[in-house]
Each structure stands twice: as structure tokens, then as C-alpha cells.
Protein chains: 2
Amino acid sequence: MNATPPTRPPTSLDVARLAGVSQATVSYVLNDRPGARVSDETRARVREAADRLGYVPHAGARTLRTGRSGLVLISMEDIPYGPLAVGTLEELDRELSRRGYTLVQYGARRLKGVPAARAWAELRPVAVLAGAGKLNRQAVEVLRSAGVKAVVALGSRPSPVVPSVVLDHEGIGVMAAEHLIDRGCRSLAAVVPAEDGLREMGEHRLAGVQRVARAREIPLTRVDLPFHEDGAAALAELWRRVDGVFAYNDDYAMLLMAVLGDAGLAVPGDVRIVGCDDLPLAALLRPRLTTIRLDVSATPSALVQRLEEIIAESPAVPSRIDPWTATLIVRESS
Amino acid sequence: MNATPPTRPPTSLDVARLAGVSQATVSYVLNDRPGARVSDETRARVREAADRLGYVPHAGARTLRTGRSGLVLISMEDIPYGPLAVGTLEELDRELSRRGYTLVQYGARRLKGVPAARAWAELRPVAVLAGAGKLNRQAVEVLRSAGVKAVVALGSRPSPVVPSVVLDHEGIGVMAAEHLIDRGCRSLAAVVPAEDGLREMGEHRLAGVQRVARAREIPLTRVDLPFHEDGAAALAELWRRVDGVFAYNDDYAMLLMAVLGDAGLAVPGDVRIVGCDDLPLAALLRPRLTTIRLDVSATPSALVQRLEEIIAESPAVPSRIDPWTATLIVRESS
DNA sequence: TTGTATGCGTTATCAA
DNA sequence: TTGATAACGCATACAA
């Protein structure tokens with residue numbers, strides 16, 4: 001059993017010694033600074049020495065010296081789950097690292113009474129993306145004061161205090177309602193999930209449905225529903241009174257289709273259902289499900305571009321609010 | 001429009017000045033070091049000054065000074081998606097932050113030819129969790145040399161070079177096969193997904209099915225399948241030749257149920273199907289789906305405990321390999 | 001009970 | 001072309 005080699009990680013000074021140059025020269029070569037004029041031969045020696053030692057620069061030291069960490073923090077909890085979010089996140093990561101930033105997902109729980117924003121601030125990130133709910137005035141102030149250039153909210157509504165990436169849940173409700181009414185539905189229901197993480201988005205989608213229903217004078221029933229068959233089945237009477245349901249998302253839509261089938265109702269004959277998310281699974285249903293998909297394909301690059309603008313201008317107080325909106329696509333497959 | 005206040009973030013020295021004490025005292029108070037004896041009155045003054053300034057310590061500087069970052073890195077790409085992974089990750093985060101560590105999800109793509117491990121090493125994390133595939137000998141060497149105490153692989157098989165969290169995919173295949181055979185199936189098929197991210201796990205699950213089939217002398221057909229109806233439907237002949245299918249997971253199981261239904265085959269009358277993952281959605285199917293669930297509820301705390309042991313012992317070369325295995329639960333709901 | 005001094009690894013300024 | 005040298009913010013051994 002070998003004794004533990006308590007070897008320190010190699011530093012740029014170690015590299016310098018091995019290459020027989022000064023430590024400053026190492027820094028010049030490895031960052032190939034434009035201004036520095038170092039002979040090709042020296043460069044090669046430095047590079048080889050770094051390789052041999054397995055030299056890896058110390059991010060903390062660099063951040064301390066330069067004042068820039070290059071970190072972009074995004075909070076884990078505030079990203080809705082599913083294939084859409086995963087793909088978007090990967091694209092965002094790609095886009096950011098192309099420009100020299102590093103995307104890092106970070107927990108957003110408060111620990112021992114310390115608000116999450118404070119933990120984020122310790123890393124001195126250049127930008128923070130987090131749920132609108134967590135970015136109250138105080139949190140933003142902590143971040144700003146720690147030198148965070150860009151604070152961006154993620155949510156269903158624009159944040160009053162920082163620029164926001166808005167997922168247009170109301171728009172989803174609007175499209176769903178119009179779709180159903182255009183196809184002859186005259187009595188609507190809209191599901192609001194009774195799950196903690198989903199209720200808020202559910203209410204925003206509901207708001208969109210409400211707007212259309214009111215404008216077109218169609219009665220609308222709000223249905224608060226946990227994701228269980230029993231609860232949905234218990235509402236059998238309700239389902240007989242309506243001819244169109246916006247099910248919140250595809251999962252709920254599938255739940256309803258199962259329950260309505262059990263209750264002897266035909267879909268879409270007796271009741272039309274619209275889901276949301278365009279889940280691959282939903283395409284397997286018989287009959288096929290009509291669904292609404294958020295098109296966020298353009299969001300990552302647009303977001304990164306705006307981030308760079310904000311970082312460059314570095315406005316202490318944002319002069320204006322700039323919500324972005326993802327666009328909707330209806331995918332009708334019945 | 002206010003001009004940008006180019007205010008530096010406040011430092012502990014700023015706090016010291018405002019409180020009328022030395023910078024060292026600030027450090028003592030804010031970390032309440034056991035050894036330091038500071039009067040309650042001074043403590044209060046320091047705390048108040050820190051609050052007033054919105055002082056947030058600089059993680060990079062602290063890391064540089066102490067040699068410990070407290071960061072635990074986990075690669076984003078190597079976490080399979082879905083509700084199970086999300087819950088596990090949250091639990092892991094909770095568990096780690098209780099012990100003073102900070103979990104951070106980090107991209108695993110290589111950027112401009114720089115291997116991911118090098119980017120991880122720059123942050124000087126205390127531990128790195130990543131897909132077994134990314135932790136080859138060289139990557140581990142880079143991490144070790146950068147002072148990473150614990151490197152842990154995530155995968156379907158124990159890594160030969162570092163301790164591993166093993167998700168027992170072979171065990172899943174074994175259980176599925178035994179389940180089917182015990183219920184009278186005499187001709188099996190097992191799906192291997194033809195998607196890049198899934199194929200490997202598919203092969204491991206298949207291996208388990210194969211083992212059982214061979215032992216019990218049951219014929220087995222391997223079915224490589226992309227997630228499309230058409231491909232599955234084209235295999236109509238195959239489905240008629242078997243009476244039991246392990247569908248890889250619940251998504252594929254639902255795909256098969258749709259296709260088999262279209263082909264006029266009864267489930268489970270003509271063909272039995274076993275899925276995996278225990279998706280809430282799968283419970284809605286008629287007939288209900290038999291599924292296998294990995295029980296990883298104990299994994300986070302066990303993992304963190306082992307991490308601390310490894311960090312404490314700090315073995316330069318791991319003296320032995322310690323795979324963990326998640327346990328299986330069959331949830332039969334037909 | 002508190003202050004002084006030092007060093008962590010890096011980048012960047014200036015002089016040689 | 002390259003090499004000293006200082007400074008970033010913090011924690012800590014030691015002196016007062």
C-alpha cells in the first residue's frame with residue numbers, strides 16, 4: 001500500500017521552473033496574449049513543460065486576479081423538466097461555451113437561513129438565470145453588489161425588476177381555447193394541476209383560456225386536479241357537461257383520455273381534448289392527441305446575445321425591461 | 001439615467017474599516033472560529049457592518065487561501081432524465097449542502113479539443129461524479145493531479161479505475177425475463193433502443209435477459225428499435241412469434257402496446273409486456289403495464305457518506321473498487 | 001481581546 | 001524577448 005503522495009497540484013511556477021523561464025512567460029504563452037512577444041522555441045518549451053506536469057490553471061486564482069469568473073449560473077429548481085428543457089439547456093451550454101463562458105447549474109434552496117442569492121454571489125458569476133420568484137428586489141441587490149452583470153428571470157410573466165425570459169403560458173391557453181371553440185366546442189373546461197410546482201403555470205394557462213372564453217361568450221369551468229385517476233374519475237358528471245377540455249399538458253391529457261374512456265365518453269366525439277408539450281408518447285395514443293408545443297429553438301442564442309449586450313453595457317439599474325417570449329406551435333394530430 | 005456606479009464588491013477589509021476593527025477580526029467573526037476570542041460587542045459591530053455593506057465573501061479567494069473549494073461537480077449529460085433522476089439529484093444536493101459541500105452541475109462536452117476533465121479540474125472541486133465513459137485513466141489522472149479527492153463513476157457497470165455508482169441494468173433484464181417466464185412465456189423478445197444515449201443501457205438490460213433465457217432454455221430475439229411507430233409496426237411478424245417482450249422501458253412499452261393493438265394482438269392475452277421506470281403515465285394504460293422500478297432512494301445519503309470517507313482517507317490510488325448497486329422493485333399492476 | 005504579516009496562484013505592469 | 005514584482009480577497013500563525 002503506497003503512502004499518500006501529498007503532491008500539490010502543479011502551479012504555473014512549477015511549469016516555469018521546468019521550462020527554464022519566468023512564471024510570467026508561462027502565463028503569456030498559455031493564454032497566448034496578443035501583446036507578448038515570445039519566441040516560438042520558448043513557447044514550445046513552456047507548452048511541453050505544462051503538458052508533462054499536467055498543469056491545470058486554478059480558476060479561483062484567475063478569478064481573483066482578473067475579476068472575471070466567466071461563470072453563468074442557472075438555478076436547477078427553476079427549470080421545468082422534460083426533453084424540451086434538456087435540449088434547450090444543452091444548446092445554451094454550447095452557445096455560452098463558444099463565447100468563453102461556463103454554464104453551471106446550481107441549487108436554489110436557502111441553506112440555514114442563507115438566501116440562495118447569497119450563495120450564488122459568492123462565486124462572483126457574470127450572470128445569473130433564476131426563477132422570477134427567487135429574484136426579488138433584495139436578491140437582485142445582493143447579486144448586483146457582488147458584481148453580477150446580468151440577472152435574468154425565468155418565468156411565465158416578465159419580472160418587474162430584471163429582464164426576463166418569458167414562457168408564454170397565457171398564449172398557450174389562448175391557442176387551446178381558440179382551437180377548441182373553432183372546432184365547435186361550446187362548453188369548456190380547463191385543468192389546473194394541483195401539484196406544487198405546476199399550479200402557477202396552470203393558472204397562467206388558465207388565464208389565457210379565460211380571456212378567450214369570455215370574449216367569445218363560452219362557459220368555462222376551472223378544474224383543479226391532482227395527477228391521479230381517482231380524482232379525475234370522480235368528476236364524471238363534469239366531463240358530461242363539457243365538450244372541450246384544455247388538459248394543461250399531455251400528461252394530464254392522457255390521464256383524462258383514460259378516465260373519459262372508462263366513463264364511456266368518446267374522444268373527440270363527445271369531448272375534445274387539447275394537451276401541451278408535444279410529448280413523443282402522446283403521439284401513440286388512439287385517437288391521437290392534439291397538442292401545443294412551445295418553440296424555444298431560438299431562445300438560447302437570442303438569450304446569449306442579449307446577455308452579452310447587457311454585460312457590455314453593464315447598466316447598474318436596467319433602464320428598461322425586456323421580456324422575451326417563446327413562440328407557440330400547434331401540432332394537431334387527430 | 002444614472003451613470004453606472006462602478007463600485008467594487010465590498011471586501012472584508014471594507015467591513016473592517018466600517019466596523020473599526022482589523023480585517024483579521026472580521027474573518028474571525030464571520031467564520032466564527034472556535035479559537036478566536038472576540039468580545040460580543042465587537043462581534044455585533046462586525047456583523048452589522050457586513051450587513052450594511054451587503055458583504056459576500058469571495059469564493060475564489062477563499063478557495064485559493066484554504067485549498068478547499070467545497071465544490072462537488074456532477075456532469076449534466078450523464079444523468080438520465082426523468083422524475084427519478086430529478087428527485088435523486090435534489091436529495092443529493094440537500095445531503096451535500098447539509099455537510100458543507102456545494103453541488104454543481106457542469107457540462108461535459110469537450111471544448112476546442114480540451115477534454116472535459118480539464119475544465120472540471122480548473123475549479124479544484126473536492127469530488128467529481130461523471131459518466132464512466134468520460135472517466136478514463138487519463139481523465140482521472142488529470143483530476144487527481146488537480147487535487148480532486150474523490151472521483152466517482154456513474155454507469156451500468158463498475159468502472160475499473162474508480163469507485164462507481166452502478167445502476168443495475170443487467171438486474172433489470174434478469175427480473176423482467178424471470179417475470180415473463182414465470183408467467184408462462186416460452187418465446188421472448190427484448191428491445192434495445194436505437195437511440196444514441198440509450199443503446200448502451202439497452203444492451204446491459206438485454207444481457208440480463210439473455211442470461212436468464214439461456215439458463216432456462218427459452219428462445220430470445222433481440223429487437224433494435226428506434227422510437228417510432230412505423231419501425232415497430234413493420235415487425236408485425238415478429239410480435240406474432242413471441243409471447244413475452246421486455247420493452248426496455250415504459251415509453252417503449254407504450255409504443256409496443258399501441259402497435260400491437262393496431263396489429264390485432266391482445267396484451268397480455270397474446271403477448272405479455274414488461275416495461276421499466278414506473279412512469280406515472282404508464283399506470284394510466286388499459287390494460288395496466290407491468291413495470292420495474294429502480295429503488296435509488298437510499299443512494300444519495302449512501303453516496304455522500306462514502307464520499308466523505310474517501311475524502312478523509314484521501315487515497316491517491318483507490319485501494320479497492322466499491323460499486324454501489326441500486327435495488328430493483330417490480331411493480332405489477334396488471 | 002485584537003492587530004500585523006504572510007501566502008495561496010494568477011495576471012499584468014513595468015523595467016531590463 | 002523576457003524577468004521581477006505587485007495586487008487580487010481571504011484565512012491564519014503569531015505578536016502585542
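Letters go in sequence order (proteins before strands), and every chain restarts at 1. Since the model is a prediction, treat every value here as computed from it, not as a measurement.
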Legend entry - Contacts of type side chain to side chain donor-acceptor pair (under 3.5 Å), residue Arg47(B), not counting sequence neighbours: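 So Arg47(B) forms no side chain to side chain donor-acceptor pair (under 3.5 Å) with any residue.
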Legend entry - Counterpart residues, side chain to side chain donor-acceptor pair (under 3.5 Å), relative to Ser22(B) (two or more places apart):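 Counting only residues at least two positions away or on another chain, Ser22(B) forms a side chain to side chain donor-acceptor pair (under 3.5 Å) with Thr25(B).
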What is the distance, rounded to the nearest whole Å, between atom [atom1] of [X] and atom [atom2] of [N]?
X: Arg45(A); N: dT2(D); atom1: CZ; atom2: C1'; answer: 11 Å
X: Arg8(A); N: dC8(C); atom1: CZ; atom2: P; answer: 8 Å
X: Leu123(A); N: dG9(D); atom1: CG; atom2: P; answer: 16 Å
X: Arg124(B); N: dT10(C); atom1: CZ; atom2: P; answer: 7 Å
X: Leu30(B); N: dG9(D); atom1: CG; atom2: P; answer: 16 Å
X: Leu64(A); N: dT11(C); atom1: CG; atom2: P; answer: 11 Å
X: Glu41(A); N: dT1(D); atom1: CD; atom2: C1'; answer: 12 Å
X: Leu13(A); N: dG7(C); atom1: CG; atom2: C1'; answer: 13 Å

Shortest side-chain distance from [X], nucleotide among [options]:
X: Arg65(A); options: dA7(D), dT2(C), dC8(C); value: dA7(D)
X: Asn31(A); options: dT11(C), dC8(C), dG3(D); value: dT11(C)
X: Ser22(A); options: dT12(D), dA12(C), dG3(D); value: dG3(D)

Inset, instruction - Return yes if some donor-acceptor pair links the side-chain N/O of Ser97(B) with the main-chain N/O of Gly100(B) below 3.5 Å, else return no. - result: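 Not a single qualifying donor-acceptor pair exists.
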Inset, instruction - For Val21(A), report the nucleic acid contact type (base, sugar-phosphate, nothing); a contact means any heavy atom under 4.0 Å. - result: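 Contact class for Val21(A): sugar-phosphate only.
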Inset, instruction - Classify the nucleic acid contact of Ser27(B) as base, sugar-phosphate or nothing, counting any heavy atom under 4.0 Å across all strands shown. - result: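 Ser27(B): base contact, heavy atoms under 4.0 Å.
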Between protein and nucleotides 13-16 of chain D, what N or O pairs are separated by less than 3.5 Å?
residue : atom : partner  : partner atom : Å
dA13(D) : N6   : Tyr28(B) : OH           : 3.0

Does the side chain of [X] get closer than 4.0 angstrom to OP1 or OP2 of [N] through an N or O atom?
X: Thr66(B); N: dA11(D); value: no
X: Ser12(A); N: dT10(C); value: yes
X: Ser39(B); N: dT2(C); value: yes
X: Thr11(A); N: dG9(C); value: no

Legend entry - Salt bridge flag under 4.0 Å for residues Arg45(B) and Glu48(B):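 Here Arg45(B) does not pair with Glu48(B) in a salt bridge, since their nearest N and O are not under 4.0 Å apart.
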Legend entry - Under-4.0 Å salt bridge between Asp32(B) and Arg43(B):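 Salt bridge: no.
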For [X], enumerate each residue passing the salt bridge (charged side-chain N to carboxylate O under 4.0 Å, His left out) test, keeping only those at least two apart in sequence or located in another chain.
X: Arg157(B); answer: Glu170(B)
X: Glu90(A); answer: none
X: Glu141(A); answer: none
X: Glu77(A); answer: none

Inset, instruction - Sort and list the pairs that fulfil side-chain hydrogen bond (donor to acceptor under 3.5 Å, both in side chains) and have at least one residue in residues 124-139 of chain A, not counting sequence neighbours. - result: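 Every side-chain hydrogen bond (donor to acceptor under 3.5 Å, both in side chains) pair that includes a residue of residues 124-139 of chain A, provided the two are not neighbours, is Asp78(A)-Lys134(A).
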Legend entry - Non-hydrogen side-chain atoms of Val21(A) and Tyr28(A) separated by less than 4.5 Å: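 Result no, sub-4.5 Å side-chain heavy-atom pair not found.
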Inset, instruction - Note the angle between the end axes of the helix from dT1(C)-dA16(D) to dA16(C)-dT1(D), five pairs defining each, rounded to 10 degrees. - result: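 Both end axes considered, the difference amounts to 40°.
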Inset, instruction - Assess whether one donor atom and one acceptor atom, taken from the side chain of Gln23(B) and the base of dA11(D), lie less than 3.5 Å apart. - result: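 Yes, the side chain and the base share a sub-3.5 Å donor-acceptor pair.
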For residues 60-67 of chain A, please give each side-chain donor-acceptor pair under 3.5 Å, one per line with the distance, not counting sequence neighbours.
residue  : atom : partner  : partner atom : Å
Thr63(A) : OG1  : Ala59(A) : O            : 2.9
Thr66(A) : OG1  : Arg62(A) : O            : 2.8
Thr66(A) : OG1  : Arg68(A) : N            : 3.1
Thr66(A) : OG1  : Arg68(A) : O            : 3.2

Legend entry - Of residues 49-63 of chain A, the positions that come close to DNA chain C - non-hydrogen atoms, cut-off under 4.0 Å: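 Tyr55(A), Val56(A), Pro57(A), His58(A), Ala61(A), Arg62(A), in order of number.
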Legend entry - All side chain to side chain contact (heavy atoms under 4.5 Å, CB included) counterparts of Glu95(B), not counting sequence neighbours: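 Checked Glu95(B) against side chain to side chain contact (heavy atoms under 4.5 Å, CB included); matches are Glu91(B), Arg98(B), Arg99(B), Ser301(B), Val304(B).
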